[in-house]
Amino acid sequence: MSNEEMNKKMKFIVEHQAKFAAEIEIRREVQAAESKVRDAQDRKLSNALLGLVDIVGSLTRSQMNADDRVNSLEESFKRLAEAQARTEESLNILLNTVERHIHGNGGSANPS
């Protein structure tokens, strides 16, 4: 192999090595850019997920408050129904007393 052939082969090898090194550098830059994009997407996804968790927490608290209010209303309706039953019982007692009083006088409105 002559000196000139050896130089051509070495030049060929050096050129290919330079191309290979340049391609590796380009791939590193692309990976770094993709990594930045992924990091930004990950941050957006994390922020969205945190927002969603906050919304679900708010909805849960609202539902718990609504449940408490419904339970309170149910208790109020129960007390109201009990009070109404007592009122009806008292009214029936009063009506029975009035009827006995009226019938006890012979049914006439003007006793003589």
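Expressed to the nearest 0.5 Å, how far CZ of R79 lies from CD of Q84 amounts to 15.0 Å. Considering OG1 of T60 and CD1 of I55, their distance stands at 11.5 Å, rounded to 0.5 Å. Note: R86 CZ to L91 CG = 14.5 Å, rounded to the nearest 0.5 Å. Put simply, CG on L80 and CG on L73 are 11.5 Å apart, with the number rounded to the nearest 0.5 Å. In this structure, Q63 CD and S58 OG are separated by 13.0 Å, a value rounded to the nearest 0.5 Å. If you take CZ on R28 and CD1 on I24, they are separated by 6.5 Å, rounding to the nearest 0.5 Å.
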When you look at N71 and E75, which way does the side chain to side chain donor-acceptor pair (under 3.5 Å) test go after all the steps?
CA-CA 6 Å; N71 290 337; E75 283 297 316; over 6 Å; no
Full working for side chain to side chain donor-acceptor pair (under 3.5 Å) between S72 and R69
CA-CA 5 Å; S72 177; R69 280 185 251 138; over 6 Å; no
Could you go step by step and tell me if R43 and S46 meet the side chain to side chain contact (heavy atoms under 4.5 Å, CB included) rule?
CA-CA 5 Å; R43 279 192 302 277; S46 292; 5.6 Å; no
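Checking side-chain atoms of H101 against main-chain N and O of T97 turns up no donor-acceptor pair under 3.5 Å. The closest donor-acceptor contact from the side chain of S35 to the backbone of Q31 lies at 3.5 Å or more, if one exists at all. Between the side chain of N96 and the backbone N or O of N92 there is at least one donor-acceptor pair closer than 3.5 Å. Put simply, the side chain of E15 never gets that close to the backbone of F12: no donor and acceptor are under 3.5 Å apart.
No single ILVMFWY cluster, assembled from side-chain heavy atoms under 4.5 Å apart, contains both M6 and V14.
Residue-environment remark: CD (E82) exceeds the threshold of 12 foreign heavy atoms within 6.0 Å. Counting heavy atoms of neighbouring residues, nucleotides and ligands inside a 6.0 Å radius, atom CD of E25 exceeds 12 of them.
In the hydrophobic clustering, L49 connects to no other residue, as no ILVMFWY side-chain heavy atoms lie under 4.5 Å from its own.
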